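One structure below.
The chains referred to below are lettered A, B, ... by the order of the sequence lines, with proteins before strands, and numbering in each begins at 1. As the structure is a prediction and not an experimental result, all values here were calculated from the model.
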2 protein chains.
Amino acid sequence: MTDASSPSATSVQAPRSSRDKLLDSAIACFDEHGLTGMTIEQIRRHANSSVGSMYHHFGNREGLIAALFLQLLDDQIARSRAEIDAATTPRQTVRALVHGYLDWVTHHPVEARFMYAARSEVATSSSAGSLKEKNKQRFGPLLAVLKTGVESGDIRSLPRETFASLLVGPSENYCRAWLSDRVSGAPVDHTDVFVEAAWRAISTSPID
Amino acid sequence: MTDASSPSATSVQAPRSSRDKLLDSAIACFDEHGLTGMTIEQIRRHANSSVGSMYHHFGNREGLIAALFLQLLDDQIARSRAEIDAATTPRQTVRALVHGYLDWVTHHPVEARFMYAARSEVATSSSAGSLKEKNKQRFGPLLAVLKTGVESGDIRSLPRETFASLLVGPSENYCRAWLSDRVSGAPVDHTDVFVEAAWRAISTSPID
DNA sequence: GTCATATTAGAATAATATTCTAGAATTGTA
DNA sequence: TACAATTCTAGAATATTATTCTAATATGAC
């Protein structure tokens with residue numbers, strides 16, 4: 001497991017908080033039993049904690065799942081941020097976005113599986129607002145870059161609300177398939193294919 | 001509600017079986033309470049049935065969810081089949097596939113939301129095999145058409161396992177966003193955008 | 001009609017989530 | 001340091017929900 005499986009980036013020696021131990025345990029129990037199969041009791045025992053502590057930190061089961069989901073989403077965004085910020089051209093930005101996504105899922109398969117399984121639940125929970133915010137945070141700067149591209153004639157003028165789907169849709173679909181064993185090649189190994197597809201979808205001159 | 005929300009295509013007057021009433025009730029309860037929130041007791045009451053009947057037909061909660069999922073998947077496949085079979089060129093086939101998907105989700109939003117919510121659970125259940133089979137059934141003929149396209153030079157030679165993602169990934173991503181109220185335009189209204197993107201992704205001459 | 005099988009019913013049980021009260025640890029403040 | 005306020009932990013008690021079980025009822029084959 002990479003270090004990203006510990007929810008918060010603590011130093012090597014720092015004892016993780018009880019809250020973080022519970023989140024770590026939730027991922028472990030999810031991996032073993034699935035989202036529906038994992039129980040409060042399993043998580044509590046794995047973390048050497050108590051149900052009281054659990055409910056103190058997260059309110060209820062849904063709150064635990066939402067907290068874990070949002071923390072992983074933060075990690076996912078943070079890890080591709082440097083790459084995206086370093087990009088100067090629209091094409092580089094697209095590559096950074098797609099590669100960042102494929103790379104994160106490839107190296108955090110359990111976390112990614114959890115996120116796909118929990119997303120629709122989080123989207124209808126009381127944390128739905130935070131989710132929307134983070135999505136804006138993720139795609140906001142990108143949409144700005146694309147807007148200038150549209151003005152300069154490099155990027156096609158398309159319905160704004162379809163851009164994100166055109167860019168990451170194929171990657172997301174492939175990652176889900178990979179995590180369900182429907183395909184075997186690691187997502188990141190198809191970076192060129194998915195970057196090219198994203199570029200073709202939005203570029204005015206798809207074959208440079 | 002369209003007629004497709006009744007799981008089996010019975011005639012107008014035919015009294016639905018107890019099994020079908022339970023499946024209908026499950027969709028209704030899902031719509032009201034979400035996948036995690038819907039309970040056996042709610043479904044049973046809505047269907048005027050009993051828990052015994054429930055467990056007789058489906059074994060357990062997971063079995064009910066899987067049965068409903070697979071039945072909806074059948075409906076989804078069946079409804080785009082005519083359009084796909086009628087297509088003669090690769091481009092027409094791609095359009096039929098993408099349009100069929102967008103159209104079904106647009107007109108069966110509750111069913112589609114259920115499928116997205118339940119998919120990862122079904123994929124790890126004992127019905128995972130049936131799911132894989134139906135997916136092959138769906139994309140098998142299509143991959144054959146594409147193969148001839150590759151041989152004739154019209155379709156790019158790409159890793160086989162990425163084709164499905166390139167074709168339906170953006171559509172699926174957009175449909176999820178629509179069902180979560182992150183975008184407002186009905187999926188089917190963006191048919192041209194997503195067909196064009198799919199074609200650009202796989203065609204050797206994307207701008208005809 | 002009668003047997004075998006499929007289906008339904010609902011009470012009883014088991015598994016699980018959640019609440020609640022008390023106590024321990026921690027933090028802020030004088 | 002002392003002390004109060006607050007946060008955190010513990011785990012028994014409770015509530016909710018899924019599942020099992022036994023018996024009764026319908027359905028279909030012969």
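For A:Ser50, the listed nucleotide lying nearest its side chain is D:dG11; candidates were D:dG11, C:dT8, D:dT19. For A:His57, counting side-chain heavy atoms from C-beta on, the closest listed nucleotide (C:dG10, D:dC8, C:dT7) is D:dC8. Which of D:dA12, D:dT9, C:dT8 sits closest to the side chain of B:Ser53 comes down to C:dT8. Listed nucleotides C:dA11, D:dT9, C:dT19 differ in distance to A:Tyr55; the shortest reach to its side chain belongs to C:dT19. When each of C:dT18, C:dA9, D:dT9 is scored by its nearest atom to the side-chain atoms of A:Arg61, the top-ranked nucleotide is C:dT18.
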Protein-nucleotides 4-6 of chain D N/O pairs under 3.5 Å:
none

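Two residues are said to be in side-chain contact when any heavy atoms from C-beta on lie closer than 4.5 Å; B:Tyr116 and A:Ser120 fail this criterion. Using a 4.5 Å cut-off on side-chain heavy atoms (C-beta onward), A:Val183 and B:Thr162 make no contact. Using a 4.5 Å heavy-atom threshold, the side chains of B:Val105 and B:Val188 count as separate. For the pair B:Pro141/B:Ile84, no side-chain contact is recorded, criterion being any heavy-atom separation below 4.5 Å from C-beta on. Within the 4.5 Å cutoff, the side chain of A:Gln76 has heavy atoms near those of the A:Tyr101 side chain. Using a 4.5 Å cut-off on side-chain heavy atoms (C-beta onward), B:Phe58 and B:Leu23 make contact. For the pair B:Leu166 and B:Arg200, the minimum side-chain heavy-atom distance is 4.5 Å or more. Looking at heavy atoms from C-beta onward, A:Ile40 lies in side-chain contact with A:Tyr55 at the 4.5 angstrom threshold.
As a whole-Å value, the separation of B:Arg19 CZ from C:dA6 P is 15 Å. Distance, B:Phe58 CZ to C:dT7 C1': 13 Å, rounded to whole Å. Summarising the geometry, the separation between CD on B:Glu62 and P on C:dT16 is reported as 14 Å, rounded to the nearest angstrom. Going from atom CE of B:Met54 over to atom P of D:dT17 covers 14 Å, rounded to whole Å. For A:Asn48 and D:dC8, the CG to C1' distance is 16 Å, given to the nearest whole Å. Counting to the nearest Å, the P atom of D:dA18 and the CG atom of B:Asn60 are 11 Å from each other. Taking atom CZ of B:Arg45 as the reference point, atom P of C:dA9 lies 15 Å away to the nearest angstrom.
Proximity of residues 120-128 of chain A to DNA chain D (heavy atom under 4.0 angstrom from any strand atom) is not detected for any residue. Contacts of residues 33-44 of chain B with DNA chain D (heavy atom under 4.0 Å): B:Met38, B:Thr39, B:Ile40.
Atoms CZ and CD, from A:Phe69 and A:Glu111 in turn, are 13.0 Å apart once rounded to the nearest 0.5 Å. A distance of 4.5 Å separates NE2 of B:His108 from CZ of B:Arg79, quoted to the nearest 0.5 Å.
Taking side-chain N and O atoms only, A:Ser49 has no distance below 4.0 Å to OP1 or OP2 of D:dT9. When the side-chain nitrogen and oxygen atoms of B:Ser18 are compared with OP1 and OP2 of C:dT7, none of them lie within a distance under 4.0 Å. Contact annotation: A:His56 side-chain N/O to D:dT9 OP1/OP2 distance is not under 4.0 Å.
The number of heavy-atom neighbours closer than 6.0 Å to CD of A:Glu32, taken from other residues, nucleotides and ligands shown, is 12 or below.
The shortest non-hydrogen separation linking A:Lys132 to B:Asp181 is NZ-O, 3.3 Å.
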